[in-house]
Structure formats: structure tokens, C-alpha cells
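Have a look at the structure below before the remarks.
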Amino acid sequence: NNDYIISTPLYIVVLFFFIMACLFTTTFITITVIIIVSWKAYCWVLHLNETKFASNPLTKQFKVIILGSGFGGLNVAIECKKNGIPFMVFEKNDKVGGTWAYNDYPGCACDIPAHLYTYSFEPNDWKSKYPERSDIQKYIEHCAHKYQIYEHIKFNTLVKSIKWNKKMNKWIVITKDEGV
């Protein structure tokens, strides 16, 4: 087990995942609410307290810890990198992509138009309006490579629990390294 001490309010990380998941909706009201909440969350992230990677003897500093490297987690990681915010991604699997990395069955494809599954900062020429899982996975891997996110991902790391330590005024994240 590894313990990671985090002073980042957990609700901000959770809020980012909610926002990233909702970005693929198309209703005006939902998009308006997401824009407002996103801006407030972004402003909060810029003012987070330091995070300590407690079990690392080098004591690396992080302001944001991201759970998962699917579309939402990768987007948060890229934005942190662009804005110079120190971060670490915990990924329970051995590759990026979230559901697109492991849901592999005949006919697995996107059920919404591909342009809605594209980061605004990284356009893509999709082969079809509803791309196959493998094309989406390649796009996710391309983005992780292009924006140098792999070096910030701790693969095969399952987060077992996240607890608030009132005395330390910090979050304690306990992980179980799978296959390491």
C-alpha cells in the first residue's frame, strides 16, 4: 500500500470529472451550467494548497491528483500541464483510454457524432461520423503522447480509499499497486 497525502479539496477533482463527462451533452441549459461551473472550478484549481506525495522519498509536490486516464481524466491532465499545475494521474489499468481501452466487442463504436468526442484544442479527422472503438482509443493515445501526459501517469495503481484527515487538514489517498 502507498499513502498519498493530498491537501486538494477532493470535491474539485470530482467536479472536474463531472464537468468533463457532461461536455458531451448538447442542450443549451446544460452547456451554460457547465461553462459557469467549469470556470469556477478552474479558478479554484489555480488556488489549491500544495499536495505531498508522502510515500515518495523525493517528496514530489502535486496540486491535483486525477483518478483515471479516460477522456475526462486526460482532459484535466492536459489542462493542468498547459497551465503549469503539478499533477499526478492514478490509472488502475495498464493503458490510457478508460472505457475505450477495455470495452472491446464486435461493433463497439461511438453512439454520438465524433466531433462531440473530440477535444476542442486537438481536432481530428475521423474516418466516420460514428467512429469505432479502436479509432477513439488511437485518438486518446495520440493526445496523451502529444501533450506528454504519460510521464505523469502511475499505471496499475488502484485507489483503495480516500479519507479526510481532520488533524492534518489533508486528504489521505491509499492505493494498491497492481502488478508492481
Full working for side-chain contact (heavy atoms from CB on, under 4.5 Å) between Thr118 and Leu116: CA-CA 6 Å; Thr118 306; Leu116 296 174; over 6 Å; no
Where is the tightest heavy-atom contact between [X] and [Y], given as atom of each residue plus distance?
X	Y	result
Trp164	Asn169	CZ2-OD1, 2.8 Å
His142	Glu122	NE2-OE2, 2.9 Å
Ala114	Ser128	CB-O, 3.9 Å
Val96	Ala101	O-CB, 3.4 Å
Leu158	Lys92	CD1-CB, 4.0 Å
Ile140	Ser69	CG2-O, 4.5 Å

Atom [atom1] of [X] and atom [atom2] of [Y]: how far apart are they, to the nearest 0.5 Å?
X	Y	atom1	atom2	value
Cys80	Met88	SG	CE	12.5 Å
His152	Leu74	NE2	CG	11.5 Å
Ser134	Lys127	OG	NZ	6.5 Å

Donor-acceptor check, side chain of [X] to backbone of [Y], threshold 3.5 angstrom: yes or no?
X	Y	value
Glu91	Asn93	yes
Lys176	Val159	no
Asn75	Phe71	no

NZ/Lys166: more than 12 non-hydrogen atoms of other groups inside 6.0 Å: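 Incorrect, the count does not exceed 12.
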Any side-chain heavy-atom pair from Trp126 and Glu132 closer than 4.5 angstrom?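 SC-SC contact between Trp126 and Glu132 ruled out.
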Looking at side-chain heavy atoms only, is the closest gap between Ile136 and Cys110 below 4.5 Å? yes
Linking I/L/V/M/F/W/Y whenever their side-chain heavy atoms sit closer than 4.5 Å, directly or via other members, would Tyr102 and Leu67 fall into one cluster? no
Determine, for Glu141 against Lys138, whether the closest basic-nitrogen to carboxylate-oxygen distance falls under 4.0 angstrom.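 No, this pair does not count.
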Under the side-chain contact (heavy atoms from CB on, under 4.5 Å) rule, what do Arg133 and Tyr105 come out as? Steps first, then yes or no, please. CA-CA 9 Å; Arg133 180 208 68 85; Tyr105 52 86; over 6 Å; no
Kindly indicate, with the supporting measurements, whether the criterion side-chain contact (heavy atoms from CB on, under 4.5 Å) is fulfilled by Tyr119 and Asn124. CA-CA 9 Å; Tyr119 295 128; Asn124 189 38; over 6 Å; no
Any chance you could lay out the side-chain contact (heavy atoms from CB on, under 4.5 Å) test for Tyr150 and Val89, step after step, and finish with the verdict? CA-CA 9 Å; Tyr150 282 107; Val89 179; over 6 Å; no
What about [X] and [Y], are their ring centers closer than 6.0 Å?
X	Y	value
Tyr117	Tyr130	no
Tyr139	Trp100	no
Phe155	Phe90	no

